[in-house]
Amino acid sequence: MILSLENQVALVTGASSGLGYACADGLAAAGASVVVNYNSHAEPAEALAEKIRQRGGKAIALGADVSNEEEVEKLFAQTIEKFGALDILVANSGLQKDAPIGEMSLADWNKVLEVNLTGQFLCARAAIKQFRQQGAQRNVSRAAGKIIHMSSVHQVIPWAGHVNYAASKGGVDLLMRSLAQEIGEERIRVNSIAPGAIATAINAKSRDGEAGKNLLKLIPYGRIGEPEDVANAVVWLASDLSDYVHGTTLFVDGGMTLYPGFRDNG
Ligand code: NAD
């Protein structure tokens with residue numbers, strides 16, 4: 001079977017930068033029409049949509065805050081208005097607001113949970129409603145729809161100084177698996193990607209100097225990931241090549257979850 005997303009429509013949240021940008025680009029290269037969602041930075045999202053169109057693809061940039069119910073509903077309505085259907089959701093938007101527990105404000109706790117977890121819920125719910133509405137008539141993939149949640153290795157690795165972020169990603173894991181259990185028989189596939197350390201704006205500080213050297217010690221495969229490493233996995237998970245993969249998390253982490261601290265301690 002050839003990997004192709006021809007005639008399919010994909011929506012990627014938080015696609016004006018980092019992993020979302022690479023995923024939108026990769027899905028478009030595989031043939032999907034793509035909605036490039038952004039929150040506050042329209043320009044790079046518009047530029048990506050234009051780049052995709054220039055090479056013969058179909059893309060549009062749409063603004064929406066994924067933690068705002070009304071804006072999410074509007075984002076999905078605009079997607080259907082533009083492309084007539086939805087087949088793939090990559091719920092990618094996320095942020096960090098780090099602080100030791102004694103200094104973490106309620107506002108920063110809430111903000112991270114609202115974007116990283118509630119945002120995933122709102123987008124998944126809107127996608128499922130659309131998949132159901134399209135029903136069996138839409139015959140572009142073996143699945144009736146595909147949802148890919150962007151989680152993190154911190155859905156399993158505890159992270160001191162980042163309790164809001166780790167709690168949000170732990171929540172994404174059970175959101176994903178519960179949804180997969182609930183709607184699998186409708187042939188809607190639900191999975192997560194859990195990236196390790198990938199070179200994007202979210203972790204720019206932890207990749208520099210001494211911090212960068214220490215970070216590498218946590219990665220058995222010996223390199224920081226590139227956004228394309230994640231995008232390639234997303235394209236595969238969105239395609240029929242992974243049709244029997246459902247309710248699982250694909251770790252794209254160079255082995256970060258292999259307890260590398262035990263390497264020399266056996
Ligand atoms: P990034 O900061 O470049 O991207 C995050 C995106 O989310 C941005 O485009 C931002 O505009 C968007 N966003 C933030 N708040 C939003 C909101 N309210 N509504 C809509 N969009 C919003 O960082 P990234 O590394 O590309 O992160 C993407 C995802 O990958 C996040 O969920 C992050 O937790 C996850 N992740 C990243 C890494 C990594 O090493 N880079 C590792 C594990 C998980």
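We count residues from 1, following the sequence as given. Hydrogens, waters and symmetry mates are skipped; everything else that's a heavy atom, side chains included, is used. Ligands are counted one by one from 1 in listed order, and the atoms in each one are counted from 1 as well.
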If the condition is side-chain contact (heavy atoms from CB on, under 4.5 Å), which residues does K82 pass it with, not counting sequence neighbours?
I60

Using 4.0 Å as the upper bound for N to carboxylate O, is an ion pair formed by D264 and K217?
no

Name all residues meeting the side-chain contact (heavy atoms from CB on, under 4.5 Å) criterion together with L106; count only those two or more places apart in sequence or in a different chain, and write none if there are none.
W109, N110

Quick one: do K213 and E210 make a salt bridge, cutoff under 4.0 Å?
yes

Distance filter under 4.0 Å, heavy atoms only, around ligand 1 gives G14, S16, S17, G18, L19, N37, N39, A64, D65, V66, N92, S93, G94, L95, V115, M150, S151, S152, Y165, K169, P195, G196, A197, I198, T200, I202, N203

Side chains of D240 and S141, donor plus acceptor under 3.5 Å
yes

By side-chain contact (heavy atoms from CB on, under 4.5 Å), which residues pair with H162, not counting sequence neighbours?
Q96, D98, W159, Y165

